[in-house]
Structures are given as C-alpha cells and as structure tokens.
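For reference, positions follow the sequence shown, starting with 1. Every number for a ligand or one of its atoms is a count from 1 in the order of the listing.
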Amino acid sequence: MALRIYNTMSSQVEEFRTLRDKEVRMYACGPTVYDYGHIGNFRTFVAVDMLQRFLRQSGYTVRLVMNITDVDDKIIRNAARDGVNVQQYTSKYEKAFLEDAAMIDIEQPKLVRATEHISQMADFVAKLVEKGIAYRTDDGSYYFSIAKFPQYGKLSKRDFSGMLDGARVDVDEYDKDSARDFALWKAPKPGEASWDTSIGPGRPGWHLECSVMSMQQLGESFDLHAGGEDLVFPHHENEIAQSESLTGKTFARFWFHVRFLLVEGEKMSKSLGNFYTLRDLVLKGHKPSSIRYLLASVPYRNQLNFTFDGLKQAAVSVERLRNFRQRLTAGNFPPGSNPEMRTLASETIERMRASLDDDLNTAQAQAGIFEMVRSANSALDSGQIKKDDTSPLLAAVEKFDEIFAVLNDDDGSKMKQVFDWAPTEGREKDISAELREAVQSGQLSDADIENKIAEMEAARRSRNFKMSDAVRAELSNAGIVIENTKDGVRWHRK
Ligand code: AMP
Ligand code: ZN
C-alpha cells in the first residue's frame with residue numbers, strides 16, 4: 001500500500017508520487033502575523049503537520065517550507081493605526097505563532113519571511129515584465145495580465161472566458177468571483193511601508209511572496225502545496241499563474257486543501273462570539289493535547305464542527321490512551337507471551353497505516369488504536385497479558401503517537417507560556433482555575449513522576465513507610481493521583 005491523496009488540481013484521489021525518489025518537497029502557506037492564531041488556522045497547520053509526520057513514517061525525507069506573511073494590506077493598516085512600524089507590529093504575533101505551534105506539537109518547518117525576500121520578489125516581477133506577462137501602471141505598481149496565461153482558473157475550475165480584459169485589482173483581499181489582473185507589486189502610498197528596489201519603490205503583493213519563496217527554497221517544480229480551502233482562489237490560482245508563466249513548468253504537483261472548521265455549527269466570527277484563538281482555549285484550561293486530538297478527529301477534507309463537548313471527549317480519549325500506556329509500562333506481568341496480543345498489535349499498526357494511506361483518514365486511525373486499547377484492556381483485566389506482550393502493544397501506541405502527538409508532556413509546562421502571557425495582555429482575569437492548577441502543580445514531567453514512584457516503591461519494599469508516605473504526599477500535593485492495582489502502581493494527573 002502507498003499513500004493515496006486528494007489532489008485539488010485533478011479533483012481526484014491519486015497515488016502520491018514524488019519527483020525525486022523518497023524525498024518530498026512541500027510548501028504550506030503559513031500565517032499572516034497580524035493577530036493571534038485561531039483554531040481554524042491550527043486545524044490546517046495540524047493537518048499539514050500530520051501529513052509530514054506520516055510521510056516521514058512512510059520512509060520519505062520531508063522538506064517542508066512555510067512562509068510567514070509579515071507584510072500585507074491588513075498588517076500595514078494595523079501598524080499605521082497603532083503608530084508602529086511593520087516589524088514592530090508583526091514580531092509579537094510571529095513569536096506567539098511559534099509558541100502556539102510548539103505548544104500543540106507541530107514540528108517546526110523551515111520558516112521564511114516575506115520581508116526578507118523583497119529584492120528577489122522585485123527581480124521576479126522584472127522577469128515577468130520582460131516576458132510581456134506583467135505590466136507597469138502609471139503610479140509605479142505592477143500587474144499580472146491574466147489574459148497571458150490561458151490556463152488561468154485550472155485549479156479552482158472557474159471559467160474566465162467572459163473576463164474583463166485589463167480590469168485590475170490592487171488589494172490582497174479581493175472579490176472572489178471576479179477575475180482581474182492582480183497586483184504583483186504595489187506602489188507606495190503616503191505613510192505606508194515600502195522598499196526601494198530594482199523595479200522602483202513599493203511592496204510585494206501577497207501572492208507573489210509565496211511563488212518566490214517556495215521556488216527559491218524548493219525549486220521550480222516541487223511535490224505538494226498546502227493551505228486552507230479558502231486559498232484555492234485567488235491565492236493559489238495566482239501563484240500558479242505567476243510561477244508557471246515564468247518557468248513554463250508545472251509549479252506544484254499535488255494541491256492539498258483543508259476544509260474550514262466550524263464552531264458549534266457556525267462559521268467562526270468575532271461578531272458571533274464564537275471566535276477562539278488557541279490561547280483562548282488554553283486559558284479556559286483545555287490542554288493542547290485535547291485540542292490537537294480533536295482537530296485530528298475528522299479527516300482533513302470533511303467538515304469539522306468544533307464543540308466544547310467534543311473537546312471534553314477528546315480529553316477523555318487522550319487520558320484513556322495515556323492510562324493504557326501506563327498500565328503496560330508500570331505493570332508486573334508473568335513471563336511468556338500471548339500470541340493473540342502480538343497479532344492484535346501488528347494488525348492495529350497495519351490498520352492505522354491503511355487508514356492514513358487512504359487520503360489521511362485520521363478518524364479511522366484513531367478508531368483503530370482504540371479498538372486495540374479496548375481488547376488489550378480486557379485482556380489485562382483477565383490476566384491474559386504476559387511479559388513479552390507489552391512491547392508490541394506499546395510499539396503500536398508509539399506508531400500512533402508519532403503522527404497524532406498527544407501523549408507526551410502535558411504536565412502544564414506547555415501551557416505555562418500562555419499563563420505567563422495573559423497578564424501582559426490584560427487577560428489575567430481570564431485564567432481559569434484549571435490552567436492555574438495545571439501550571440502551578442504540574443511542574444513534574446512524566447519521567448520525574450515515574451522516578452518518584454520508583455523511589456516510593458523502593459522505600460515501601462524496604463519497609464521504610466515513613467519515606468514512602470512522604471513521597472506519596474509530595475506527589476499528591478503536585479496533583480498526581482496514585483492507585484495501587486494488582487498490576488502495580490498507576491498514576492494520572494488530577
Ligand atoms: P491566515 O493567517 O489567515 O493567512 O491563515 C493561515 C492558514 O489558516 C491558511 O492556510 C488558511 O487557509 C487557514 N484557515 C483560516 N481559517 C480557517 C478555518 N476556519 N479552518 C481551517 N483553516 C483555516
Ligand atoms: Zn501562500
């Protein structure tokens with residue numbers, strides 16, 4: 001089996017193939033750093049992260065590049081409103097994005113900033129002008145002439161036969177139903193940020209940024225380009241037009257788009273009061289692992305309806321998986337093996353792989369691991385697990401977590417940055433009791449806790465009950481619940 005994945009360009013699920021053997025070059029449109037990232041953004045970023053993790057698990061080396069859009073219309077507008085320069089305005093949000101991505105266990109891609117590639121962007125425009133594909137207007141802006149690229153519309157399947165020749169649009173956020181020559185480069189306006197370049201002063205259009213930086217990092221043709229579904233038109237359509245009309249080559253082979261997330265059945269919006277940044281949820285006491293699990297619980301092309309009930313269930317699922325792992329690592333089992341368990345583990349690994357190979361069916365992969373947990377838990381209850389069974393079962397859990405990344409280090413340390421940040425934004429009052437407790441009590445890592453339990457057990461075995469009680473009290477004060485079972489000591493965080 002091999003990965004089959006939906007390609008927006010062909011509108012079909014296709015077998016995934018790379019241009020170079022076993023190497024994937026992929027580009028994901030990253031955040032526009034003018035505000036804190038919301039859970040919709042993170043649905044897309046987590047989907048891209050899982051794709052790259054799965055490709056790696058499938059034996060590819062992956063080179064993932066993501067841009068940081070640190071100049072665009074909104075940024076310039078907001079920076080001017082606040083009386084700061086573009087860099088001062090964006091650096092706070094870029095830092096927050098990196099912290100948030102780490103908090104939700106996104107492996108950091110190679111990041112490239114638009115403002116660090118301005119001269120390359122100007123050169124790119126100059127080449128398009130030389131080829132007669134772009135033109136300069138009287139004010140010193142440059143436009144892409146879509147009439148010069150007959151395939152315009154091939155990604156979004158829009159018919160532009162009735163388009164207005166030479167009609168133009170100069171904003172990054174433009175009316176989605178009208179085809180217009182779009183701005184590659186914008187002449188400076190009074191009071192706005194601009195750069196002096198070989199094609200004159202001004203600033204790049206948003207679409208140009210991604211064409212220039214992706215090709216610079218990954219080559220003129222690469223394997224996969226990703227983003228949320230809203231980017232199909234005009235952003236990705238324009239990237240294709242710019243890049244392919246310049247090189248004459250296919251720009252990206254696979255186009256991967258993530259469906260928009262809804263909140264409680266509605267489009268997320270500030271006016272509806274259902275707009276949540278990742279930080280809002282963490283402030284409410286929800287763990288990053290629960291959020292990540294929930295974002296992965298619906299395959300990326302299906303509608304994900306985010307609800308607080310769903311988030312609570314996600315937390316329960318993660319805790320079950322963690323407890324299962326704990327039961328296996330901490331338990332005392334009789335020697336030998338139960339062949340059924342080995343089969344169960346290897347079938348589960350196969351099933352998870354087949355699910356993810358099937359256009360990244362993350363829901364089915366989650367169902368697969370929980371079926372194993374159910375069967376193995378009942379085998380544990382009836383004493384049918386032997387010493388040699390634990391490592392194949394744990395290996396299946398590990399394979400799952402290589403992609404889903406929800407099991408490690410949820411002791412409050414990842415949430416601490418939000419806890420520390422809230423007062424700086426005047427949001428101290430929003431810190432929930434749960435977050436406060438998790439951060440203040442949860443300074444022990446999993447490994448610390450396990451070491452303390454081993455210490456406690458050793459003290460108990462040597463009948464030093466005073467010592468074992470003291471360690472137990474210390475753990476309890478740190479919010480760790482300890483249970484004695486016939487399989488040994490188990491623990492979980494309150
Ligand atoms: P932006 O910071 O607005 O440029 O968006 C960053 C990424 O998040 C882009 O790939 C968007 O398509 C994606 N995105 C924005 N809103 C949502 C949403 N509600 N659901 C899924 N992805 C989204
Ligand atoms: Zn982009």
Just to confirm my output: which protein heavy-atom neighbour is closest to [atom], and how far is it?
atom                    : result
atom 2 (O) of ligand 1  : Thr32 N, 3.0 Å
atom 20 (N) of ligand 1 : Leu261 N, 3.0 Å
atom 10 (O) of ligand 1 : Gly228 N, 3.0 Å
atom 3 (O) of ligand 1  : Asn41 ND2, 4.2 Å
atom 19 (N) of ligand 1 : Phe260 CD2, 3.5 Å
atom 11 (C) of ligand 1 : Asp230 OD1, 3.6 Å
atom 13 (C) of ligand 1 : Thr44 OG1, 3.8 Å
atom 18 (C) of ligand 1 : Gly40 CA, 3.4 Å

Could you tell me, atom by atom, which parts of ligand 1 come under 4.0 Å of a heavy atom of [X]?
X      : answer
Gly227 : 10 (O)
Pro31  : 2 (O)
His38  : 15 (C), 16 (N), 17 (C)

Would the distance check show the side chain of [X] and the main-chain N or O of [Y] forming a donor-acceptor pair, the cut-off being under 3.5 Å?
X     : Y      : result
Asn85 : Ala79  : no
Asn67 : Cys210 : no
Asn7  : Trp255 : yes

Next item on the list: Please indicate whether Lys267 has more than 12 foreign heavy atoms, meaning atoms of other residues, nucleotides or ligands, lying under 6.0 Å from its NZ.
Entry: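 No, not enclosed.
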Checklist line | Candidate list Tyr142, Trp206, Phe144, test ring pair (Phe, Tyr, Trp, His ring centres under 6.0 Å), partner Phe182, passing option | finding: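 Between Phe182 and the candidates, ring pair (Phe, Tyr, Trp, His ring centres under 6.0 Å) is satisfied uniquely by Phe144.
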Checklist line | The single option from His225, His236, His235 passing ring pair (Phe, Tyr, Trp, His ring centres under 6.0 Å) against His257 | finding: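 Going through the options one by one, the only one that passes is His236.
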Note to self: As a test of understanding, state which of Asn361, Leu360, Val46 forms a side-chain contact (heavy atoms from CB on, under 4.5 Å) with Tyr300.
What the structure shows: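 By the side-chain contact (heavy atoms from CB on, under 4.5 Å) criterion, Tyr300 pairs with just one of Asn361, Leu360, Val46: Leu360.
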Margin query: I'd like to know if the Zn ion (ligand 2) has an N/O/S atom from His236 within less than 2.8 Å of it, counting both backbone and side-chain atoms.
Written below: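 Given the 2.8 Å cut-off, His236 does not count as a ligand of the Zn ion (ligand 2).
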Margin query: If I take every N, O or S atom of Cys29, is at least one of them less than 2.8 Å from the Zn ion (ligand 2)?
Written below: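 Under 2.8 Å: Cys29 contacts the Zn ion (ligand 2) through an N, O or S atom.
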Notebook entry, point to check: Can you give the angle His235 NE2 - the Zn ion (ligand 2) - Cys210 SG, rounded to 10°?
Noted result: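 NE2 of His235 and SG of Cys210 make an angle of 110° at the Zn ion (ligand 2), to the nearest 10°.
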Check: Can a cation-pi geometry be assigned to Arg279 and Trp421, taking NZ or CZ under 6.0 Å from the six-membered ring centre and within 45° of the ring axis?
Finding: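 Yes, Arg279 lies over the aromatic ring of Trp421.
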Note to self: Pair Phe97, Phe45 - check ring-ring contact (aromatic ring centres under 6.0 Å, His included), show working.
What the structure shows: CA-CA 11 Å; Phe97 168 72; Phe45 298 140; 5.4 Å; yes
Checklist line | CA sep, side-chain torsions, deciding dist, call: Thr32, Asp72, side-chain hydrogen bond (donor to acceptor under 3.5 Å, both in side chains) | finding: CA-CA 8 Å; Thr32 305; Asp72 85 337; 4.7 Å; no
Note to self: Looking at ligand 1, would Lys267 count as a contact under a 4.0 Å heavy-atom criterion?
What the structure shows: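 No heavy atom of Lys267 comes that close to ligand 1.
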